[in-house]
Asks: 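So that we are looking at the same thing, I have put the structure below in structure tokens.
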Amino acid sequence: MKYLQEEVREKLYRSIKGEYDISPEEIIFSIPPDRKFGCLSTTIPFILAKKKKEKPFLIGSRIIEKIKAELPYFSEIKLAGGGFINFYFKKGFLFKYLIEHKDRKAADKKQKVIVEHTSINPNKAAHIGHLRNACLGDVLVESLRFLGCEVEVQNYLDDTGIQVADVVWGLLHYGLEEIKKIKGLASYLWQLYADVSKQLAGNDQFKEERNKVHQKIEDKIDPEYEISNYISQEVLRDHIRVMDMLGIRYDLLVRESDIIELDFFKSAAEIMLKNRIMYPSADPEKKGCQVIKYKRENIEKIIIRSNNTVTYIGKDIAYSLWKTGLFEKDFYYKKFHTYADRVKDIYITDSQGGKEDFGFGNAQTVYNVIGIRQSYLQNIISEEVIAPLSPGDSQREAIHFSYEMVALTPRCVEELGFKITEEEQKKSHVDVSGRRGIAVKAEDLIGKLIVKSLQEVKLRDPDIEEEKAKKIAREIAVGALRYFMIKFSSKTVIAFDFKDALAFEGDTGPYLQYTLVRINSILRKLESREAFPEKQDLELSLLEENEYGILYEILLYLSLMEAQVELAIKNSEVSVIANYTYTLCQKANHYYHLFPIIAEENQEIKHIRLSLILLVKNKLEKLLALMGIPVPEKM
RNA sequence: GCACCCGUAGCUCAAUGGAUAGAGCAACUGACUUCUAAUCAGUAGGUUGGGGGUUCGAGUCCCUCCGGGUGUGCCA
């Protein structure tokens with residue numbers, strides 16, 4: 001897919017690449033703040049001037065001379081402000097261009113990408129922090145697909161971790177049959193885990209018991225093993241169910257127990273030793289340990305302890321090598337779950353089975369959506385393991401898609417009924433803590449959102465059928481939640497508060513939904529769509545100046561859409577898409593508020609307005625789909 | 001100690017090194033017999049934490065100070 005700016009960029013690049021050392025990505029376009037500076041602008045002469053110590057003005061003039069004849073869509077290309085190159089579209093071009101390219105598909109880049117997200121410890125219900133992870137991950141997935149990548153979504157299951165052992169220890173006085181009778185297991189374990197954590201803290205005897213449970217799980221000794229298996233599966237099913245409520249889905253579940261069972265780490269260690277990535281430490285304090293050098297901080301990170309056991313990072317390294325295809329071994333697989341609409345199945349890894357090739361793994365680029373606190377380990381994997389093992393011709397890349405935590409405002413913590421210390425009281429936010437049970441459960445939040453939106457729906461339409469109202473309420477709840485989780489930049493700590501999260505006005509998901517719902521409503525009420533066929537050569541000069549100006553700004557803004565999605569991926573910052581969509585909606589609302597469509601008597605003008613609204617609808621539908629925000633029938 | 005991140009309107013946040021720093025919320029004023037008021041229009045609100053520097057141009061890059069946060073384990 002080539003969008004408008006990309007086409008111009010290509011021509012520009014060809015005209016300068018012989019003279020300057022520059023990559024196409026460095027040529028960046030923006031829409032100038034004032035139309036007197038044109039409709040599209042680049043500062044490339046300034047950038048080139050820095051590289052060669054020349055006058056930007058002269059470089060700019062030379063570039064314009066070279067490309068002028070090659071770019072037919074512009075009436076003028078002017079140099080301004082000492083080095084800006086400003087492009088002026090021919091009248092009517094942009095409208096025509098956007099209509100013509102409305103449903104253009106992304107080029108098939110044939111690149112396979114794996115995105116790992118969600119990856120919640122399977123010992124309790126999901127909370128708001130996990131929601132941020134899954135929502136960010138899912139927008140990343142859909143954006144990559146939009147840009148033409150083949151994406152495989154993986155969810156990693158730490159089924160052998162100490163957290164599972166904690167709750168198994170807490171449940172040991174029950175037998176498996178009794179545990180199976182527990183309703184809402186994930187939610188039940190939420191409280192149990194908090195209680196267990198309290199008991200374990202400062203009680204060495206309990207901890208020792210728990211460690212024995214952990215060991216028995218690893219050695220597959222019942223009842224500990226079967227209980228742990230049951231719990232992690234059931235909790236996983238609960239996580240999948242909750243995420244499916246938000247439209248978030250997976251292709252493959254990867255179990256840590258299978259990585260251990262199939263001895264992936266052994267193969268990983270062989271590769272790393274052979275390539276001198278891992279080596280025996282010479283540091284007397286790390287005598288007998290195998291380490292990886294982390295150059296950025298000049299630290300040796302222990303991978304294999306002196307007692308020959310593997311540290312936490314080891315399993316992640318093996319998994320990453322498998323994901324990037326730098327590794328011979330593979331898992332076995334079986335079907336785990338079919339979604340209710342039956343359009344998709346989830347598979348899960350296994351440690352035995354048939355040799356069927358499912359084609360999982362082996363991607364060129366691997367994203368791991370995980371909190372910023374994991375940066376240290378993720379950087380080691382990406383910089384010290386994956387990068388050096390990737391030969392230049394088949395570059396493999398592991399990208400840490402990081403984000404800050406969701407925390408709670410002190411007020412919110414108190415609303416939830418927890419006591420907080422005086423110290424915490426003074427802070428702007430308090431960390432979510434599974435161990436203390438301090439968090440908002442994902443499903444509780446979704447429930448609150450549904451209750452509130454149902455009220456709003458009924459307020460606006462008291463006669464609405466119950467089922468219809470519920471469906472719309474769910475859609476609004478999902479829209480509000482998903483937008484809230486991605487609208488902040490990933491470096492912002494979200495200080496969660498019900499007041500903000502339950503907002504339906506202003507910069508919120510429902511605002512975006514409302515914009516599209518109203519556009520759809522206009523189209524429904526239009527007496528006849530047939531009277532206004534899609535037409536590329538509309539007579540824009542019929543519009544009075546004010547309307548033309550506002551309409552033109554929307555067209556310009558619409559032309560940025562694909563570039564914005566690319567920018568979001570390039571910067572690992574999907575909030576770009578949320579912000580862009582919000583601004584687009586503001587512009588659209590402003591326009592059709594000023595210029596009514598159905599009531600317009602001049603059929604030509606009506607045709608123009610309708611065409612614009614259809615363009616906005618087309619882009620907005622795509623954007624909402626990228627963000628997983630549903631479109632209600634009415635609001 | 002070392003490394004990284006953050007500090008922008010009363011609050012919550014935007015702003016690829018680019019032309020006049022923008023939104024939402026809260027406050028105030030106005031627009032529903034009208035294509036849906038979950039909307040729209042308007043008023044007010046700023047020394048971008050302080051100070052230096054680089055640059056044609058700095059909220060953005062560099063240095064420094066102040067304030068806040070995170071990571072840095074033979075834990076996971």
Side-chain angles (χ1 to χ4, degrees), chain A residues 25-26 28-30 32-34 36-37 41-43 46-47 49-50 55-57 80-84 86 121 158 160-163 281 285-289 291 294 296-299 301-307 309 311-313 315 371-377 379 402 404-405 407 427-429 431 453 456-457 459-461 476 480 487-489 491-495 497 499-500 503-515 517-519 521-526 563 567 570-571 575-576 578-579 582-583 585-586 589-590 592-600 609 613 634-635:
Chain A
E25 288 74 40
E26 288 178 80
I28 290 166
F29 293 94
S30 62
D34 191 310
K36 73 181 178 209
F37 298 130
S41 174
T42 179
T43 58
F46 289 116
I47 293 162
K50 253 178 206 157
K55 290 253 184 286
F57 186 80
F84 290 90
N86 294 333
N121 277 327
D158 183 3
T160 60
I162 203 91
Q163 278 106 338
S281 176
E285 282 187 12
K286 293 172 180 161
K287 195 167 174 249
C289 295
V291 298
Y294 182 36
R296 198 200 282 223
E297 291 188 35
N298 198 25
I299 287 171
K301 175 68 195 167
I302 292 169
I303 309 299
I304 303 178
R305 303 184 188 99
S306 53
N307 68 3
T309 55
T311 56
Y312 171 70
I313 189 174
K315 283 161 266 182
I372 200 161
R373 292 183 183 176
Q374 298 286 331
S375 291
Y376 170 64
L377 296 180
N379 287 343
S402 75
E404 262 292 355
M405 297 295 119
K427 296 195 170 180
S428 62
H429 51 80
D431 268 10
S453 51
E456 299 285 331
V457 168
L459 195 72
R460 285 166 177 79
D461 183 0
I476 292 170
K487 74 174 198 173
F488 304 102
S489 95
K491 283 174 183 166
T492 301
V493 178
I494 298 181
D497 198 299
K499 180 178 141 284
D500 296 330
F504 293 159
E505 286 169 20
D507 185 8
T508 65
Y511 177 85
L512 310 184
Q513 293 173 311
Y514 187 66
T515 306
V517 166
R518 279 183 66 180
I519 289 175
S521 168
I522 293 169
L523 295 174
R524 219 175 11 247
K525 290 197 178 162
L526 195 73
L567 184 66
K570 187 177 138 207
N571 294 353
S575 61
V576 166
N579 294 332
Y582 176 58
T583 306
C585 286
Q586 282 186 312
N589 281 329
H590 176 72
Y592 67 59
H593 189 261
L594 286 177
F595 307 108
I597 294 168
I598 292 174
E600 177 57 44
R609 289 178 185 169
I613 283 301
K634 59 182 286 191
M635 280 176 83

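Naming convention: chains lettered A, B, ... in sequence-line order (proteins, then strands); numbering from 1 in each chain.
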Asks: Counting C-beta onward and ignoring hydrogens, is there a side-chain heavy-atom pair between A:D461 and A:K634 closer than 4.5 Å?
Replies: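 Yes, their side chains come closer than 4.5 Å.
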Asks: Taking only the side-chain nitrogens and oxygens of A:Y514, find out if one of them lies under 4.0 Å from OP1 or OP2 of B:A38.
Replies: yes
Asks: Measure from the side chain of A:F84, starting at C-beta and using heavy atoms only, and say which of B:G18, B:A76, B:C25 lies closest.
Replies: B:G18
Asks: Kindly say if A:S306 contacts the phosphate of B:C74, meaning a side-chain N or O under 4.0 Å from OP1 or OP2.
Replies: no
Asks: Can you figure out which of B:C13, B:U36, B:C74 approaches the side chain of A:T492 most closely?
Replies: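 It is B:C13.
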Asks: Is the phosphate of B:C40 approached by A:Y511 (side-chain N or O, under 4.0 Å from OP1 or OP2)?
Replies: yes
Asks: According to the Watson-Crick and G-U wobble definitions, with both distances under 3.5 Å, which nucleotide is paired to B:U70?
Replies: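 Because both required distances fall under 3.5 Å, B:U70 counts as paired with B:A3.
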Asks: Rounded to whole angstrom units, what separation is found between the NZ atom of A:K487 and the P atom of B:A23?
Replies: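 Value for this atom pair: 15 Å.
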Asks: Could you say whether the aromatic ring of A:F37 and the base of B:A19 stack, counting only centre distances under 5.5 Å and plane angles under 30°?
Replies: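 Base of B:A19: stacked against A:F37.
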Asks: Using the side-chain heavy atoms of A:E505, tell me which of these nucleotides is nearest: B:A38, B:A3, B:A76.
Replies: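 Closest of the options to the side chain of A:E505: B:A38.
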Asks: Counting Watson-Crick and G-U wobble pairs only, both distances under 3.5 Å, name the nucleotide matched with B:A31, or none.
Replies: B:U39
Asks: Using a heavy-atom cut-off of under 4.0 Å over every strand shown, decide if A:L512 touches base, sugar-phosphate, or nothing.
Replies: nothing
Asks: Closer than 4.0 Å, any side-chain N/O of A:S428 to the OP1 or OP2 of B:G68?
Replies: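 Result: no.
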Asks: Could you tell me whether a side-chain N or O of A:R609 sits under 3.5 Å from a main-chain N or O of A:P596, the two making a donor and an acceptor?
Replies: yes
Asks: Which value, in whole Å, describes the distance between the P atoms of nucleotides B:C4 and B:A41?
Replies: 44 Å
Asks: Keeping A:S41 on the side-chain end and A:P32 on the backbone end, is there a donor-acceptor pair under 3.5 Å?
Replies: no
Asks: Looking only at the side chain of A:F46 (C-beta and beyond, no hydrogens), which of the listed nucleotides B:U72, B:C25, B:C56 gets closest?
Replies: B:C56
Asks: Indicate whether OP1 or OP2 belonging to B:A76 is found under 4.0 Å from a side-chain N or O atom of A:R305.
Replies: yes
Asks: Would you say A:H590 places a side-chain N or O within less than 4.0 Å of OP1 or OP2 belonging to B:A41?
Replies: yes
Asks: Rounded off to whole Å, could you give me the CG-to-P distance for the A:D507 and B:G24 pair?
Replies: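 That distance rounds to 9 Å.
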Asks: Can you see if the side chain of A:K427 gets near the phosphate of B:G69 - specifically, an N or O under 4.0 Å from OP1 or OP2?
Replies: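 Checking A:K427 against B:G69: at least one side-chain N or O falls below 4.0 Å of OP1 or OP2.
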Asks: Of the options B:U36, B:U39, B:G71, whose atoms approach the side-chain atoms of A:N589 most closely?
Replies: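 Of B:U36, B:U39, B:G71, B:U39 is nearest to the side chain of A:N589.
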Asks: Report yes if a side-chain nitrogen or oxygen of A:R460 is closer than 4.0 Å to either non-bridging phosphate oxygen (OP1 or OP2) of B:A38; otherwise report no.
Replies: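 Yes, A:R460 has a side-chain N/O under 4.0 Å of OP1/OP2 on B:A38.
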Asks: Find the partner of B:U54: check Watson-Crick (N1-N3 plus N6-O4 or O6-N4) and G-U wobble (N1-O2, O6-N3) distances, both under 3.5 Å, and reply none if neither fits.
Replies: none
Asks: Between A:N589 and A:Y514, does any side-chain donor sit less than 3.5 Å from a side-chain acceptor?
Replies: no
Asks: Round to a whole Å and report the spacing from CD of A:Q513 to C1' of B:A37.
Replies: 17 Å
Asks: Between B:A15 and A:S575, is there an OP1 or OP2 to side-chain N/O distance shorter than 4.0 Å?
Replies: no
Asks: Within this structure, what is the CG-to-P distance between A:N571 and B:A14, rounded to whole angstrom?
Replies: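 Between P of B:A14 and CG of A:N571: 14 Å.
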Asks: Let me know, please, whether A:F504 or A:S41 comes out on the 5' side of the other along RNA chain B by nearest nucleotide.
Replies: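 It is A:S41 whose nearest nucleotide is closer to the 5' end.
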Asks: May I ask you to evaluate whether A:N579 reaches the phosphate of B:A14, defined as a side-chain N or O under 4.0 Å from OP1 or OP2?
Replies: no
Asks: Can you tell me the Watson-Crick or wobble partner of B:A19, both distances under 3.5 angstrom?
Replies: none
Asks: Can you tell which of B:U12, B:C74, B:A38 lies closest to the side chain of A:F488?
Replies: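 Out of B:U12, B:C74, B:A38, the nucleotide with an atom closest to A:F488's side chain is B:U12.
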Asks: Would you tell me if any nitrogen or oxygen in the side chain of A:R518 comes within less than 4.0 Å of OP1 or OP2 on B:A37?
Replies: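 It does, given that an N or O in the side chain of A:R518 lies less than 4.0 Å from OP1 or OP2 of B:A37.
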